[in-house]
Undergrad: 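Would you mind keeping the following structure in view while I ask a few things?
Hydrogens, waters and symmetry mates are skipped; everything else that's a heavy atom, side chains included, is used. Quick caveat: nothing in here was measured; it's all calculated off a predicted structure.
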Amino acid sequence: MTVYENIKKYAKKRNMNLQDVALKAGLSKNMIYQYNKGKNPSLETLTKIAGILGVSYNDLAGDNSTGNTNTKPKKVDIKDVMQDDYTIMSYGGREIPPEELEMIRRILDGGK
């Protein structure tokens with residue numbers, strides 16, 4: 001599926017139209033329709049749209065680079081990820097604010 005088709009699918013599941021999704025993402029109301037005509041959204045824009053729809057970036061981008069859906073679960077050390085400035089931590093499609101990330105860090109470090 002294309003980015004446009006994925007956005008449309010998830011918007012429909014959430015009873016939203018594409019214009020509403022676009023406006024909530026800070027885009028012009030008809031911008032998402034341009035993705036059906038070959039224009040591709042930026043990483044930042046697609047991440048915003050994913051957050052609005054409560055899905056991952058990969059769900060919208062259709063990123064299945066391995067081509068194998070039966071891959072082993074990926075093991076990630078939360079401490080490493082939380083210290084990486086290039087990783088945006090989110091929960092339920094919404095970015096976790098810095099002050100809450102700090103609370104999570106303290107909990108994971110044993111309440112220090």
Side-chain angles (χ1 to χ4, degrees):
M1 293 183 108
T2 66
V3 170
Y4 172 80
E5 291 168 333
N6 286 331
I7 294 171
K8 188 174 179 180
K9 175 179 78 172
Y10 288 110
K12 185 175 182 178
K13 284 184 178 184
R14 284 154 185 75
N15 296 320
M16 297 175 75
N17 65 48
L18 296 181
Q19 291 181 341
D20 290 338
V21 173
L23 291 173
K24 287 183 180 188
L27 306 171
S28 67
K29 70 179 185 176
N30 293 316
M31 187 62 199
I32 293 175
Y33 296 105
Q34 298 299 314
Y35 304 153
N36 195 29
K37 298 178 181 178
K39 183 171 178 71
N40 289 317
S42 68
L43 172 67
E44 180 182 350
T45 298
L46 199 55
T47 302
K48 282 182 188 178
I49 294 171
I52 290 162
L53 296 175
V55 298
S56 73
Y57 168 86
N58 290 342
D59 289 333
L60 296 184
D63 185 13
N64 189 7
S65 55
T66 63
N68 182 1
T69 57
N70 295 324
T71 58
K72 286 185 174 182
K74 182 178 178 183
K75 190 173 186 179
V76 177
D77 187 325
I78 294 174
K79 188 172 185 174
D80 293 340
V81 173
M82 291 187 76
Q83 292 175 354
D84 180 3
D85 291 335
Y86 299 103
T87 301
I88 298 172
M89 299 292 291
S90 66
Y91 183 80
R94 295 193 174 136
E95 187 174 341
I96 300 172
E99 59 275 3
E100 292 181 15
L101 282 174
E102 186 55 40
M103 287 189 302
I104 294 168
R105 280 187 193 98
R106 285 197 310 258
I107 291 168
L108 293 172
D109 285 339
K112 298 176 188 173

Undergrad: If I compare all heavy atoms of Ala22 with all of Ser28, which pair ends up nearest, and what's the gap?
TA: CB-O, 3.3 Å
Undergrad: Looking at Glu5 and Thr2, would you say the former's side chain and the latter's main chain have a donor-acceptor pair under 3.5 Å?
TA: yes
Undergrad: Would you please name every residue forming a side-chain contact (heavy atoms from CB on, under 4.5 Å) with Ser56, sequence neighbours left out?
TA: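 Result, side-chain contact (heavy atoms from CB on, under 4.5 Å) vs Ser56: Asn58, Asp59.
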Undergrad: Which distance, rounded to the nearest 0.5 Å, do you find between the CG of Leu60 and the NZ of Lys9?
TA: 9.0 Å
Undergrad: To the nearest 0.5 Å, what is the distance between CD (Glu100) and CE (Met103)?
TA: 5.0 Å
Undergrad: Give a yes or no on whether Tyr33 and Met31 share a hydrophobic cluster (residues Ile, Leu, Val, Met, Phe, Trp, Tyr; joining criterion: side-chain heavy atoms under 4.5 Å apart).
TA: yes
Undergrad: Please name all residues satisfying salt bridge (charged side-chain N to carboxylate O under 4.0 Å, His left out) with Glu102, sequence neighbours left out, ordered by chain then number.
TA: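 Arg105.
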Undergrad: Taking atom OG1 of Thr47 and atom CD1 of Ile52, what is their separation to the nearest 0.5 Å?
TA: 11.0 Å
Undergrad: With the side chain counted from C-beta on, respond yes when Tyr10 and Met16 share a heavy-atom pair under 4.5 Å apart, and no when they do not.
TA: no
Undergrad: Scan for salt bridge (charged side-chain N to carboxylate O under 4.0 Å, His left out) pairs involving residues 36-48, sequence neighbours excluded, and state none if there are none.
TA: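 Qualifying pairs: Glu44-Lys48.
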Undergrad: Please report the shortest heavy-atom distance between Tyr4 and Ile32, naming the atom on each side.
TA: CD1-O, 3.4 Å
Undergrad: Following the transitive rule for hydrophobic clusters with a side-chain heavy-atom cut-off under 4.5 Å over Ile, Leu, Val, Met, Phe, Trp and Tyr, establish whether Tyr57 and Ile7 coincide in one cluster.
TA: yes
Undergrad: Nearest 0.5 Å, what's the CG-CG distance between Asn40 and Leu46?
TA: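 Atom-to-atom, Asn40:CG and Leu46:CG are 9.0 Å apart.
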Undergrad: Taking only residues two or more places apart in sequence or in another chain, which ones pass side-chain contact (heavy atoms from CB on, under 4.5 Å) with Thr45?
TA: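 Thr45: side-chain contact (heavy atoms from CB on, under 4.5 Å) contacts with Leu27, Tyr35, Pro41, Ser42, Ile49.
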Undergrad: Using the salt bridge (charged side-chain N to carboxylate O under 4.0 Å, His left out) rule, collect all pairs that involve residues 16-35, keeping only residues at least two apart or in two chains.
TA: none
Undergrad: Distance check, rounded to the nearest 0.5 Å: Leu101 atom CG versus Glu99 atom CD?
TA: 8.5 Å
Undergrad: Go through the structure and list residues passing salt bridge (charged side-chain N to carboxylate O under 4.0 Å, His left out) with Arg14, not counting sequence neighbours.
TA: none
